[in-house]
Amino acid sequence: MGVDLRQVVAGVLTLTMFVMLGNMIKRDHFDSLQEKLPGGSEDSNFENAKFDATHVKKNIGLWKGDVDDLKPCWVKPSADDVEQTEGFVTFALTNGPEYHISQIADAVIVAKSLGATLVIPDIRGSQPGDKRNFEDIYDVDVFMKSMEGVVRVVKDLPARISTRNIAAVKVPNRVTEDYISEHVEPIYRTKGSVRLATYFPSINMRKAGKKGDTDSVACLAMFGSLELQPEMHEVIDSIIERLRTLSRNSDGQFIAVDLRVDMLDKKGCQNSDNDGEKSCYNAQEIAVFLRQIGFDKETTVYVTESRWDSSLDSLKDLFPKTYTKEAIMPADKKRKFLESEFEKVIDFYVSAESDVFVPAISGLFYANVVGKRIGSGKTRILVPALSASASNFLSPYVSNKNHFAYSCYC
């Protein structure tokens with residue numbers, strides 16, 4: 001008699017689940033994650049996430065959590081309180097939308113502080129020469145309108161300004177007025193214009209203990225200025241609609257899992273701390289986690305891996321309705337949008353709109369998706385864990401209300 005490999009795998013996963021449930025009885029606390037992620041810092045773990053499946057099932061529910069009816073509560077800043085100058089601030093958006101949000105905020109803060117004119121950025125991909133216009137992804141008119149009365153914005157640098165005379169300046173993410181005054185303004189006064197490059201000494205998005213002078217500017221830039229251009233919006237809406245159609249047995253609800261196989265191969269994802277806890281989770285571990293906390297096999301799962309990889313088979317074994325964007329994108333859109341930068345945008349916004357979001361990898365994608373979800377009231381963000389029995393496995397950004405977005409929405 002032949003042996004069905006899928007049945008063997010399913011049996012192993014089932015046994016693993018029972019072992020983990022045993023661990024839930026034995027352990028009182030889930031140890032804090034300590035591992036760094038590729039390119040991250042000590043803040044790039046899952047915010048010391050903890051979990052208790054019983055608490056979620058009985059008191060919150062798998063799909064619906066406590067609903068905060070939050071509204072934007074930042075006061076639109078004014079350019080009138082800053083002396084206007086003749087120079088320009090230029091910059092580029094890089095590395096995907098999770099970085100774009102932060103890069104936009106830093107550039108707007110710097111331009112406003114200097115009284116300078118902001119130049120609409122171009123978008124650079126991960127490969128040399130991979131360059132596109134801002135309007136290829138975002139709605140430029142919406143962005144410019146959002147900045148009215150805050151910062152002067154132009155689409156292009158005037159021809160009279162030579163790019164060779166613009167000084168390159170690095171600024172840390174979440175740049176402060178003090179940093180600008182000390183490190184950026186002297187160069188700007190000397191050279192007349194600057195080109196910014198944001199670096200990320202930390203990728204956590206926790207709000208500060210007290211509101212800073214730049215918070216209202218950051219809130220506007222991060223949550224009130226970037227909208228997708230119509231065709232991009234249409235593609236993402238069609239993918240979400242398809243996922244909801246496939247989720248009839250769960251009232252149109254689906255899970256988005258940020259699971260990228262190439263990231264799991266990075267050094268920071270392969271290591272673990274002394275207690276064996278990890279910062280990244282593979283497909284099998286995510287499958288066990290989701291089943292363990294109560295999602296059934298009819299649950300629809302969207303994964304951010306662009307094309308099917310054999311390592312995802314173990315997830316599909318437990319959740320047959322697991323899809324990549326390639327499988328559900330309209331056929332007439334694949335040639336254009338199954339491409340690196342567009343794929344990142346699709347993943348970010350599908351993850352922001354899903355009913356439940358599960359980050360298999362901690363980092364800025366996780367942090368800025370959380371910010372978008374807080375603003376729209378979609379706070380079902382479940383952080384994976386392989387061992388259990390602490391108080392909560394909702395994202396601490398939400399359970400502790402310590403994400404920067406809670407400075408912007410009240």
Exercise. Under 6.0 Å between ring centres, would you say that holds for Phe348 and Phe365?
Worked result: yes

Exercise. Does the side-chain contact (heavy atoms from CB on, under 4.5 Å) test come out yes or no for Val171 and Tyr199, once each step is laid out?
Worked result: CA-CA 6 Å; Val171 296; Tyr199 67 95; 5.6 Å; no

Exercise. Could you give all pairs that pass the salt bridge (Lys or Arg N to Asp or Glu O under 4.0 Å) test and reach residues 188-202, with sequence neighbours left out?
Worked result: Glu185-Arg189

For this session: For the residue pair Leu290 and Ile286, establish whether any side-chain heavy-atom pair is separated by less than 4.5 Å.
Result: yes

Seminar exercise, completed: CG of Leu315 to CD of Glu305, rounded to nearest 0.5 Å, is 12.0 Å

For this session: Establish, from distance only, whether the side-chain atoms of Ser225 and Tyr138 form a donor-acceptor pair under 3.5 Å.
Result: no

Problem set entry | Exercise: identify the closest heavy-atom pair between Asp136 and Phe342 | O-CE2, 3.7 Å

Exercise. Do Phe295 and Trp63 have ring centroids that are under 6.0 Å from one another?
Worked result: yes

For this session: Could you go through the salt bridge (charged side-chain N to carboxylate O under 4.0 Å, His left out) check for Arg260 and Asp258 one step at a time?
Result: CA-CA 7 Å; Arg260 291 161 282 158; Asp258 179 30; 2.8 Å; yes

Exercise. Does the ring centre of Tyr397 sit less than 6.0 Å away from the ring centre of Tyr406?
Worked result: no

For this session: Please work out which of the three classes, parallel, tilted or perpendicular, describes the rings of Trp74 and Phe223, given edges at 30° and 60°.
Result: tilted

Exercise. Are Val194 and Phe88 side-chain neighbours, meaning at least one heavy-atom pair lies under 4.5 Å?
Worked result: no

Problem set entry | For Arg132, the option from Ile137, Asp122, Leu93 that meets side-chain contact (heavy atoms from CB on, under 4.5 Å) | Ile137

Exercise. With side chains defined as the heavy atoms from C-beta onward, is the minimum distance between Arg242 and Met329 less than 4.5 Å?
Worked result: no

Exercise. Between Arg373 and Arg380, what is the shortest heavy-atom contact and its length?
Worked result: NH2-O, 3.5 Å

Exercise. Knowing that exactly one of Ile104, Thr176, Ile180, Val89 qualifies, which makes a side-chain contact (heavy atoms from CB on, under 4.5 Å) with Ile109?
Worked result: Ile180

Exercise. Which atoms form the tightest heavy-atom contact between Lys325 and Ile346, and what is the distance?
Worked result: CE-CG2, 4.3 Å

Exercise. Under 4.0 Å between a Lys/Arg side-chain N and an Asp/Glu carboxylate O for Glu241 and Arg244?
Worked result: no

Exercise. With respect to Val358, which candidate in Val301, Val383, Val257, Leu259 satisfies the side-chain contact (heavy atoms from CB on, under 4.5 Å) definition?
Worked result: Val257

For this session: May I ask you to check if the distance between the SG atoms of Cys410 and Cys73 is under 2.5 Å?
Result: yes

Exercise. Closest approach of Cys280 and Leu264, non-hydrogen atoms and distance?
Worked result: CB-CD2, 3.8 Å

For this session: Measure the CG-OG distance between Asp347 and Ser351 for me, rounded to the nearest 0.5 Å.
Result: 6.0 Å

Exercise. Could you walk me through whether Glu227 and Lys145 pass the salt bridge (charged side-chain N to carboxylate O under 4.0 Å, His left out) check?
Worked result: CA-CA 12 Å; Glu227 286 190 15; Lys145 186 174 180 59; over 6 Å; no

For this session: Assign the ring pair Phe143 / Phe134 to parallel, tilted or perpendicular, where the plane angle (0 to 90°) is split at 30° and 60°.
Result: tilted

Exercise. Where is the tightest heavy-atom contact between Met263 and Ile361, given as atom of each residue plus distance?
Worked result: CB-CD1, 3.5 Å

For this session: With rounding to the nearest 0.5 Å, note down the distance linking CD1 in Ile161 to OG1 in Thr90.
Result: 11.0 Å

Problem set entry | From His233 atom NE2 to Leu228 atom CG, the distance as rounded to the nearest 0.5 Å | 5.5 Å

Exercise. Looking only at heavy atoms, what is the nearest atom pair of Ala116 and Val151, with distance?
Worked result: O-CG1, 3.9 Å

For this session: Mark yes when over 12 heavy atoms from residues, nucleotides or ligands other than Lys76 sit less than 6.0 Å from its NZ; otherwise mark no.
Result: yes

Problem set entry | Pairwise distance CD(Glu343) to CD(Glu326) - rounded to 0.5 angstrom | 8.5 Å

Problem set entry | Heavy-atom side-chain contact between Met144 and Ile120 under 4.5 Å | yes

Seminar exercise, completed: Rounding to 0.5 Å, atoms CD (Gln84) and CG (Leu114) come to a distance of 10.5 Å

For this session: State plainly whether the residues Glu231 and Lys336 are in salt-bridge range, i.e. N to O under 4.0 Å.
Result: yes

